[in-house]
Enquirer: 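Just passing along the structure, written as structure tokens.
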Amino acid sequence: MGAWDFVAGIIVGIILACVNFVAQTSQKSAITATYTGQVALSTVRRHPLHARFLREAGKQTFVIKLAGFLFFGTIVSVEKRIRGLVDAEAFSERPIRFLILDFLYVNGLDFSAAEAFTRLNRILKKKGVHMLVCGLDITGEVATSLQNVGLFGLDDAVEIFQDLNSALEHCENEALKAIHDHKETSPAGLSPSEGNLSKSVLWRCLLLK
């Protein structure tokens with residue numbers, strides 16, 4: 001009887017320790033920082049007109065920096081934050097076109113967390129939002145886990161970038177295409193430097209892309 005009680009006590013202790021670990025870890029947010037493309041700009045030198053436009057267009061780029069081990073206890077807050085970005089009311093007031101997830105300081109994730117990102121990507125695609133990930137070692141455990149759930153499949157079109165700067169540069173280049181597309185459809189002889197592309201016109205072009 002004494003041996004059985006001893007074993008039972010160990011099992012109960014392990015269970016309580018696991019519950020306590022999950023409870024404590026869940027209280028810590030996996031999100032360390034969030035900001036828009038107006039605050040986070042790439043280091044690429046731009047034409048002054050382009051730079052002004054990108055500061056305004058940066059509203060449509062949202063960056064979320066993640067850290068730690070992502071599992072079912074911590075991914076909930078991440079999923080809630082991203083769903084809030086594309087909520088009908090929030091999205092109508094502040095639509096986004098790009099969501100960048102920075103995994104630089106993520107040291108692991110479980111299957112439930114990986115699956116959550118695939119769910120979120122489907123939701124974002126329905127809103128026309130492109131998910132980009134950066135800071136991943138493509139041969140590492142985190143990238144492999146995301147690959148195994150199909151996040152980087154052809155249908156999902158989730159792009160991977162080496163670092164945050166590269167991801168921001170990509171978003172900026174995509175935004176600048178609005179300028180060139182508008183210029184091509186404008187009357188001959190007009191150019192952005194001549195003031196023919198007002199901020200409101202450029203913004204509408206970006207929203208329609």
Side-chain angles (χ1 to χ4, degrees), residues 26-42 44 46-67 70 74-104 106 113 115-135 151 155-159 161 164-183 185-186 192 195-209:
S26 300
Q27 294 176 358
K28 299 179 181 179
S29 176
I31 300 176
T32 59
T34 61
Y35 34 78
T36 69
Q38 290 181 302
V39 176
L41 296 170
S42 75
V44 178
R46 306 285 188 181
H47 185 282
L49 178 65
H50 291 175
R52 288 196 298 271
F53 172 60
L54 288 175
R55 290 192 189 95
E56 181 67 20
K59 293 178 180 179
Q60 286 200 318
T61 298
F62 198 85
V63 180
I64 297 180
K65 296 181 73 68
L66 303 171
L70 306 181
T74 56
I75 196 63
V76 174
S77 61
V78 177
E79 190 167 3
K80 182 179 180 181
R81 184 70 176 89
I82 295 176
R83 286 177 179 271
L85 293 174
V86 293
D87 174 78
E89 183 176 351
F91 196 77
S92 62
E93 294 180 359
R94 184 180 288 272
I96 63 172
R97 186 183 176 202
F98 301 103
L99 173 66
I100 302 176
L101 300 177
D102 189 349
F103 282 81
L104 181 60
V106 173
E115 276 289 322
F117 287 115
T118 61
R119 290 196 303 272
L120 290 169
N121 187 45
R122 288 193 292 266
I123 294 172
L124 293 171
K125 285 182 64 179
K126 291 179 181 179
K127 290 286 189 176
V129 180
H130 302 281
M131 179 189 288
L132 294 74
V133 300
C134 64
L151 185 64
D155 294 336
D156 291 318
V158 174
E159 297 185 76
F161 294 87
L164 179 58
N165 187 67
S166 299
L168 289 169
E169 181 182 350
H170 172 79
C171 296
E172 292 171 0
N173 290 339
E174 288 296 308
L176 289 174
K177 286 182 180 179
I179 293 179
H180 301 293
D181 291 347
H182 183 84
K183 180 181 178 181
T185 57
S186 298
N196 296 296
L197 296 181
S198 67
K199 184 169 70 174
S200 60
V201 172
L202 289 172
W203 188 239
R204 286 198 298 271
C205 289
L206 182 60
L207 289 172
L208 292 174
K209 283 182 68 63

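All values reported here derive from a predicted model rather than from experimental measurement. Note: hydrogens, waters and symmetry copies are ignored here, and every other heavy atom, side chains too, is used.
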Enquirer: How close do Ser77 and Ile31 get, heavy atom to heavy atom, and via which atoms?
Expert: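 Smallest interatomic distance, heavy atoms only, reads O-CD1, 4.3 Å.
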Enquirer: Taking side chain as C-beta onward, heavy atoms only, is Leu176 less than 4.5 Å from Arg46?
Expert: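 Counting from C-beta outward, Leu176 and Arg46 do come under 4.5 Å.
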Enquirer: Quick one: closest heavy-atom pair of Phe161 and Leu132, and the distance?
Expert: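 For Phe161 and Leu132, the tightest heavy-atom pair comes out as CE1-CD2, 3.3 Å.
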Enquirer: Look at the side chain of Gln38 and the backbone N and O of Ala57, then say whether any donor-acceptor pair between them is shorter than 3.5 Å.
Expert: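 Judged by distance alone, no pair lies under 3.5 Å.
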Enquirer: Tell me the closest heavy-atom pair linking Thr61 and Cys171, and the distance in Å.
Expert: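 Looks like OG1-CB, 3.9 Å.
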Enquirer: If I take atom CD from residue Gln60 and atom CG from residue Leu54, how far apart are they, to the nearest 0.5 angstrom?
Expert: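 Nearest 0.5 Å value for the CD-CG distance: 12.0 Å.
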Enquirer: Closest approach of Val106 and Ala67, non-hydrogen atoms and distance?
Expert: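 In terms of heavy atoms, the two residues are closest at CG2-N, 3.9 Å.
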Enquirer: Would you sort out whether Ile100 and Phe62 count as a side-chain contact (heavy atoms from CB on, under 4.5 Å), showing the intermediate values?
Expert: CA-CA 6 Å; Ile100 302 176; Phe62 198 85; over 6 Å; no
Enquirer: So among Leu120, Ile64, Val86, which one has a side chain to side chain contact (heavy atoms under 4.5 Å, CB included) with Leu99?
Expert: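 For Leu99, the side chain to side chain contact (heavy atoms under 4.5 Å, CB included) test succeeds with only one of Leu120, Ile64, Val86, which is Ile64.
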Enquirer: Shortest non-hydrogen contact from Ile75 to Ala116?
Expert: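 Where Ile75 meets Ala116 most closely, the heavy atoms are CG1-CB, 3.6 Å.
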Enquirer: side-chain contact (heavy atoms from CB on, under 4.5 Å), that's the test. Do Val44 and Glu169 meet it? Break it down for me.
Expert: CA-CA 7 Å; Val44 178; Glu169 181 182 350; 3.5 Å; yes
Enquirer: To the nearest 0.5 angstrom, please state how far the CZ atom of Arg122 sits from the CE atom of Met131.
Expert: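 It comes to 10.5 Å.
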Enquirer: Between atom CG of Asp87 and atom NZ of Lys80, what is the distance when rounded to the nearest 0.5 Å?
Expert: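 Result: 11.5 Å between the selected atoms.
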Enquirer: Determine, for Glu115 against Arg119, whether the closest basic-nitrogen to carboxylate-oxygen distance falls under 4.0 angstrom.
Expert: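 No.
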Enquirer: Decide yes or no for Glu174 and Lys177: does some side-chain heavy atom of the first lie under 4.5 Å from some side-chain heavy atom of the second?
Expert: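 They are in contact (side-chain heavy atoms under 4.5 Å apart), so the answer is yes.
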Enquirer: Walk me through whether Val129 and Arg97 qualify under side-chain contact (heavy atoms from CB on, under 4.5 Å).
Expert: CA-CA 5 Å; Val129 180; Arg97 186 183 176 202; over 6 Å; no
Enquirer: Would you indicate whether the side-chain heavy atoms of Lys65 and Tyr35 approach each other to under 4.5 Å?
Expert: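 Of all side-chain heavy-atom pairs linking Lys65 with Tyr35, at least one is under 4.5 Å.
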Enquirer: Taking all non-hydrogen atoms of both residues, which atom of Lys59 and which atom of Ile96 are closest, and how far apart?
Expert: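 Of all heavy-atom pairs spanning Lys59 and Ile96, the closest is O-CG2, 4.1 Å.
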Enquirer: Considering only heavy atoms from C-beta outward, does the side chain of Val158 approach that of Phe117 to under 4.5 Å?
Expert: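 SC-SC contact between Val158 and Phe117 ruled out.
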Enquirer: Once you round to the nearest 0.5 Å, how far does CZ of Phe98 lie from CG of Leu124?
Expert: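 Spacing of CZ (Phe98) from CG (Leu124) equals 12.5 Å.
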Enquirer: Would you give the length of the straight line joining atom SG of Cys134 to atom CG of Leu168, rounded to the nearest 0.5 angstrom?
Expert: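 Those atoms lie 7.5 Å apart.
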Enquirer: Would you check if His170 and Glu159 make a side-chain contact, meaning some heavy-atom pair closer than 4.5 Å?
Expert: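 Yes, their side chains come closer than 4.5 Å.
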Enquirer: Calculate, to the nearest 0.5 Å, the distance between atoms NZ and CG belonging to Lys127 and Leu85 respectively.
Expert: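 Lys127 NZ to Leu85 CG: 11.5 Å, rounded to 0.5 Å.
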Enquirer: State, with a plain yes or no, whether a side-chain heavy atom of Asp102 is found less than 4.5 Å away from one of Leu66.
Expert: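 Answer no - side chains too far apart.
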Enquirer: Before giving the answer on side-chain contact (heavy atoms from CB on, under 4.5 Å), spell out for Arg83 and Ile123 the whole-Å C-alpha distance, their side-chain angles and the decisive distance to 0.1 Å.
Expert: CA-CA 8 Å; Arg83 286 177 179 271; Ile123 294 172; 3.2 Å; yes
